[in-house]
Protein chains: 2
Amino acid sequence: MAQHLDDANRKHVENFGDKGKLVLSPPSKKLIVVTCMDARIDTSSAFGLNEGEAHVIRNAGGRVQDSLRSIIVSQRLLATNEIAVVQHTDCGMLTFKNPDLQGILAEQHPEEKDKIDSIDFLPIPNLEGGVREDVQWLKEHPLVLKETVVTGWVYDVKTGKVSQVA
Amino acid sequence: MAQHLDDANRKHVENFGDKGKLVLSPPSKKLIVVTCMDARIDTSSAFGLNEGEAHVIRNAGGRVQDSLRSIIVSQRLLATNEIAVVQHTDCGMLTFKNPDLQGILAEQHPEEKDKIDSIDFLPIPNLEGGVREDVQWLKEHPLVLKETVVTGWVYDVKTGKVSQVA
């Protein structure tokens with residue numbers, strides 16, 4: 001198991017070229033992409049991102065609420081001024097509600113019930129609505145820089161195409 | 001600005017091939033990679049991940065504490081059983097402490113001081129220590145499945161190489 005990453009990394013090292021010259025600095029597109037952890041999304045290919053161009057935040061659903069820490073770090077320390085929220089069709093987060101997952105967990109860990117019930121898993125009631133809600137949340141958050149351009153997108157896992165919805 | 005993603009996505013759609021056949025299912029490697037949002041990391045290339053193989057969680061530093069929601073969703077709904085934590089050399093999270101960033105924010109938003117002081121930005125005191133701390137945190141967390149294989153790695157942004165440290 002543990003050698004997976006070593007093995008999988010070998011070709012990358014051989015072909016690394018002059019990418020090692022990139023330093024810690026503001027991403028050249030001044031862009032943050034927030035998207036889902038879904039295994040079908042290759043952010044570099046899907047969003048045409050070369051190394052050095054954008055910060056990429058990924059989590060279950062591509063929700064912004066638990067991305068806030070990272071967004072603040074990106075904006076205040078590395079000068080990003082645009083955020084693209086990209087959620088996607090056929091997302092697992094569209095398939096359940098909080099009580100469903102909380103119930104599964106509480107059954108297996110009854111001693112953790114209070115902790116479990118306090119976790120909002122941020123499921124998405126409907127796709128475009130989820131994107132719009134997250135874009136709005138960012139636009140209204142007092143700690144997200146006011147001048148930030150925030151856009152919302154849906155990525156279609158059947159075609160690979162992004163469409164702007166907010 | 002807003003058309004960036006549309007434009008950048010065009011080639012991806014043209015070359016999408018049969019990737020649209022991938023469905024919502026457990027990632028074939030049963031793997032979660034937790035890594036940094038840093039613009040220099042192309043996770044697909046660096047970790048040799050093809051579409052459908054792994055969930056990828058990214059945030060400032062590649063910290064696990066605010067990845068918990070996503071990890072639970074991944075394990076309980078999509079059956080992943082291995083987590084690789086990958087932090088990297090020259091990370092911005094090595095360059096500050098909480099009071100530094102809290103101070104910058106509080107100066108600009110004095111009315112939000114209490115909220116700001118309650119945010120742990122999860123800076124990393126030292127690289128290998130941060131990785132080991134996060135691996136241990138996952139191993140001890142009651143809501144991370146006990147049988148999970150958790151490994152810790154450092155990605156060298158100068159060479160592209162990963163090295164296992166936990």
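Naming: A, B, ... by sequence-line order, numbering from 1 per chain.
With a 4.5 angstrom heavy-atom cutoff, A:Lys115 touches chain B only via side-chain atoms. Only the backbone of A:Asp120 comes within contact range of chain B, with at least one heavy atom under 4.5 Å from a heavy atom of that chain. At a 4.5 Å heavy-atom cutoff, the contact between A:Phe47 and chain B is made by backbone and side-chain atoms alike. Contact of A:Ser74 with chain B is made through backbone and side chain together, with heavy-atom distances under 4.5 Å. The parts of B:Ile57 that come within reach of chain A are both its backbone and its side chain, each placing non-hydrogen atoms under 4.5 angstrom from that chain. In this structure, chain B has no heavy atom under 4.5 Å from any part of A:Glu14. Using a 4.5 Å cut-off between heavy atoms, A:Arg76 contacts chain B through its side chain alone, with no backbone atom that close. Proximity to chain B (any heavy atom under 4.5 Å) is shown, for A:Val34, by neither the backbone nor the side chain.
In terms of heavy atoms, B:Leu77 sits closest to A:Ile104 at CD2-CD1, 4.5 Å. Heavy-atom minimum distance, A:Glu53 versus B:Ala39: N-CB, 4.0 Å. The two residues B:Asp6 and A:Trp153 make their nearest non-hydrogen contact at OD1-CZ3, 3.1 Å.
Counting heavy-atom neighbours within 6.0 Å of B:Lys19 NZ, excluding the residue itself, gives a total above 12.
Between chain A and the residues B:Ala54, B:Gly48, B:Ala46, the largest count of heavy-atom pairs under 4.5 Å involves B:Ala46. Between chain B and the options A:Gly52, A:Ser44, A:Pro27, heavy-atom pairs under 4.5 Å are most frequent for A:Gly52. Ranked by heavy-atom pairs under 4.5 Å with chain A, the first of B:Val56, B:Asp90, B:Val13 is B:Val56. For chain B, the option among A:Ile119, A:Thr35, A:Leu105, A:Asn50 with the highest count of heavy-atom pairs below 4.5 Å is A:Leu105. Heavy-atom pairs under 4.5 Å with chain A were tallied for B:Thr43, B:Leu101, B:Leu49; the largest tally goes to B:Leu101. Ranked by heavy-atom pairs under 4.5 Å with chain B, the list A:Ile72, A:Thr95, A:Val86, A:Val150 is led by A:Ile72.
You'll find the side chain of B:Thr151 stays beyond 4.5 Å of the side chain of A:Leu5, heavy atoms only. Side-chain contact between A:Val73 and B:Met37 is present, with at least one heavy-atom pair separated by less than 4.5 Å. Considering only heavy atoms from C-beta on, B:Lys11 stays 4.5 Å or farther from A:Ser45 through its side chain. Counting heavy atoms from C-beta on, the side chains of B:Leu24 and A:Val157 never come closer than 4.5 Å.
With B:Ser70 contributing its side chain and A:Ala60 its backbone, the two residues share a donor-acceptor pair below 3.5 Å. Here the side chain of A:Arg58 pairs no donor or acceptor atom with the backbone of B:Arg58 at under 3.5 angstrom. Checking side-chain atoms of A:Arg69 against main-chain N and O of B:Phe121 turns up a donor-acceptor pair under 3.5 Å. In this structure, the side chain of A:Lys158 engages the main chain of B:Gly20 through a donor-acceptor pair within 3.5 Å. No donor-acceptor distance shorter than 3.5 angstrom exists from the side chain of A:Asp42 to the backbone of B:Glu51, with no hydrogens or angles considered. Between the side chain of B:Asn9 and the backbone N or O of A:Gly160 there is at least one donor-acceptor pair closer than 3.5 Å.
Ring geometry for A:Tyr155 versus B:His12: interplanar angle of 30 to 60°, hence tilted.
Put simply, A:Ile71 and B:Met93 are part of the same group of oily side chains (I, L, V, M, F, W, Y) that touch within less than 4.5 Å, one to the next.
Considering CG of A:Leu145 and NE2 of B:His109, their distance stands at 6.5 Å, rounded to 0.5 Å.
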